[in-house]
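Side chains are part of it too, since the values below use all heavy atoms of this structure and drop only hydrogens, waters and symmetry mates. Each chain gets a letter, A, B and so on, in the order the sequences are listed, and its residues count up from 1.
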There are 2 protein chains.
Amino acid sequence: MLINITSFNNANNLISSTHQQLWSELLQVLQSSPLFLKPSAQANIQGNAIFDPIATNYFLSTRFIQNGWRAAYPIPRQFSSFGKDIDFIKNGTLLEVQFSNYPFLVNNVSRAEVLFRSQTIVNNNQTADLMIFITKAGCLPSSNSTLYYEQAIDQLDSLVQHGLLTIPILVVGLYETPAQTQAYWTVYNGGVSSRTILNQGMQSVQITQRPSGKLNIIV
Amino acid sequence: MLINITSFNNANNLISSTHQQLWSELLQVLQSSPLFLKPSAQANIQGNAIFDPIATNYFLSTRFIQNGWRAAYPIPRQFSSFGKDIDFIKNGTLLEVQFSNYPFLVNNVSRAEVLFRSQTIVNNNQTADLMIFITKAGCLPSSNSTLYYEQAIDQLDSLVQHGLLTIPILVVGLYETPAQTQAYWTVYNGGVSSRTILNQGMQSVQITQRPSGKLNIIV
DNA sequence: GCTTTTAGATCTAGCT
DNA sequence: TCAGCTAGATCTAAAA
């Protein structure tokens, strides 16, 4: 997929210096990810193609682990109220991939901020020094209320500006542009949230853009 | 219902002085609320009684409005990235009732904090000076991953301690204790999230407590 | 009526 | 296997 990035609190300085290797590997994974789609079950748009978080997460997770990221890293005991684990970690870099509902953005970054301010040791005897946050762009058709890149940017802007967030954060937005292209189309059985694949395959898709900027995807 | 409260950033000073009237009215509403239950549709616990956020929200909302709270108060334009509206507002007091999934806690309080720090004018030419946050206790059977009082307290504790939150916040937790008592049992039709009442009525319920502290409610 | 968006409801997945 | 919990998926409701 294509990507856009926005840096907060000088995250860009880190990815072009000390964290350059980590970033270039990550970039490679993201850019090599196909577009994964699934049929929506939402009333009035039944069957329409929407972004498939399950297949996308599976693809990314597999590669991140191959690249040495630790998945589901346990949150230190003293901060257990913030949850069980962080999606991925490598040394002091926290990586979250978020396609769920929008409040998870502030939830995820706030707990990262607490780890940062408290200089808590995370992985490999390092303190948290960078957060990378992956989401999808608003132009992609998706389930209602799922977080999107532009929303994340705007919220983080305000939070940084008003001093709530000081940890370096790099936000990555996955997107596509109008084209006749190919995408993975996955049909799950078992209803909402099912991860049981009924069938999956590459399909030709026609991506067009509405006046609003939203993409229309015909499989 | 019964309530527990926890104060952060001296919210308790406000509710016993300048905001005493507002608080005593609110308390009256909360304590007069019946327990609302509905059958769960979750696999393995189909039909079991769980906390009914729809009926509870409806009951509370009606009374709050009667007491002069403004519902769905529009978020000032410059902070529109944080959403459309705040549940209820009265002068400088922001009121959120949250029975949805847990990340909404940090989402809601963070946007309130930004309003507080920026001294933004909210209702009646006042700046935000207090947030009251209502949720339910962990002992009540509920949908998975819905926010609960103890979780809220623990997360806010860390956020206040590490300087992310400075706005006075009063957290209210609704709960019940073991008893043979009465509750509203509402059956909706139309599946998940439906607000169309098929039937509703007072029922006798037997509330017992498990070793874990969780309540078991038999209708 | 259709689109867009947030808020809320609330399920399944998967681990302890 | 049942209980308890967080993470993630993703719908309906409702208003603009």
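- Under a 3.5 Å cut-off, the side chain of B/Ser142 and the backbone N or O of B/Leu140 do form a donor-acceptor pair.
- Between A/Ile75 and A/Phe79, the closest heavy-atom pair is CG2-O, 3.4 Å.
- For DNA chain D, the residues of residues 144-153 of chain B within the heavy-atom distance limit of 4.0 Å (strictly under) are B/Asn144, B/Ser145, B/Tyr148, B/Gln151, sorted by number.
- Residues A/Ile207 and A/Leu35 are in side-chain contact: their nearest non-hydrogen atoms beyond the backbone lie under 4.5 Å apart.
- Residues A/Leu37 and A/Ala49 approach most closely at CD1-CB, 4.2 Å, considering heavy atoms.
- Contacts between residues 192-202 of chain B and DNA chain D, defined by a heavy-atom separation below 4.0 Å, involve B/Val192, B/Ser193, B/Ser194, B/Arg195, listed by number.
- Taking a 4.0 Å limit (strictly below) on heavy-atom distances, residues 95-104 of chain B reaches DNA chain D at B/Asn101, B/Tyr102.
- Rounding to the nearest 0.5 Å places CD1 of B/Ile169 at 8.0 Å from CG of B/Leu105.
- Within the 4.5 Å cutoff, no side-chain heavy atoms of B/Val205 are placed close to those of B/Glu176.
- Rounded to an integer number of Å, the gap from A/Asp87 CG to D/dT6 P is 16 Å.
- Legend: residues meeting ring pair (Phe, Tyr, Trp, His ring centres under 6.0 Å) with B/Phe82, ordered by chain and number and at least two apart, are absent.
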Could you pull out every donor-acceptor pair under 3.5 Å between side chains of residues 189-201 of chain B and any protein atom, sequence neighbours left out?
{"residue": "B/Asn189", "atom": "ND2", "partner": "B/Thr196", "partner atom": "O", "Å": "3.4"}
{"residue": "B/Ser194", "atom": "OG", "partner": "B/Asn189", "partner atom": "O", "Å": "2.1"}
{"residue": "B/Ser194", "atom": "OG", "partner": "B/Thr196", "partner atom": "N", "Å": "3.1"}
{"residue": "B/Gln200", "atom": "NE2", "partner": "B/Thr186", "partner atom": "OG1", "Å": "2.8"}

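- The ring pair (Phe, Tyr, Trp, His ring centres under 6.0 Å) test applied to B/Tyr149 returns no partner, not counting sequence neighbours.
- Here the range on DNA chain C touched by chain B, meaning any atom under 4.0 Å from one of its heavy atoms, is C/dT5 to C/dA13.
- Contact annotation: the side chain of B/Lys38 never approaches that of B/Trp185 to less than 4.5 Å [non-hydrogen atoms, C-beta and beyond].
- For the segment residues 206-219 of chain A, the set of residues with a heavy atom within less than 4.0 Å of an atom of DNA chain C comprises A/Arg210, A/Ser212, A/Lys214, in numerical order.
- Separating the CG atom of A/Asp85 from the C1' atom of D/dG8 is a distance of 12 Å, rounded to the nearest angstrom.
- Residues from residues 31-46 of chain A placing a heavy atom under 4.0 Å of any atom in DNA chain C do not occur.
- Counting heavy atoms from C-beta outward, A/Phe104 and B/Asn101 have side chains that approach closer than 4.5 Å.
- Screening A/Ile167, A/Leu165, A/Val114 against A/Val109 for a side-chain contact (heavy atoms from CB on, under 4.5 Å) leaves a single residue, A/Leu165.
- Of all non-hydrogen atoms in A/Ala128 and A/Leu115, the two that sit nearest each other are CB-CB, 4.4 Å.
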Residues B/Ile153, B/Phe8; criterion side chain to side chain contact (heavy atoms under 4.5 Å, CB included); working and verdict: CA-CA 9 Å; B/Ile153 296 306; B/Phe8 293 96; 4.1 Å; yes
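- Within residues 59-68 of chain A, no residue has any heavy atom under 4.0 Å from DNA chain C.
- Counting non-hydrogen atoms of neighbouring residues, nucleotides and ligands closer than 6.0 angstrom, the CZ atom of A/Phe36 exceeds 12 such neighbours.
- Among the candidates B/Asp87, B/Asn108, B/Thr135, the single residue satisfying the side chain to side chain donor-acceptor pair (under 3.5 Å) test with B/Gln98 is B/Asn108.
- Within the structure, the salt bridge (charged side-chain N to carboxylate O under 4.0 Å, His left out) test picks out the following pairs touching residues 92-105 of chain A (sequence neighbours left out): A/Glu96-A/Arg111.
- Side-chain N or O atoms of B/Ser110 include none that pairs as donor or acceptor with a backbone N or O of B/Asn107 at under 3.5 Å.
- Listed for the B/Gln42 side chain is no donor-acceptor partner under 3.5 Å among the backbone atoms of B/Ser143.
- With the nearest nucleotide of DNA chain C identified for both B/Ile86 and B/Asp52, B/Ile86 has the one nearer the 5' end.
- Residue contacts shown for A/Ile54 are limited to sugar-phosphate atoms, with no base heavy atom under 4.0 Å away.
- Counting only residues at least two apart or on different chains, the side chain to side chain donor-acceptor pair (under 3.5 Å) pairs with a member in residues 46-67 of chain B are B/Asp52-B/Tyr188.
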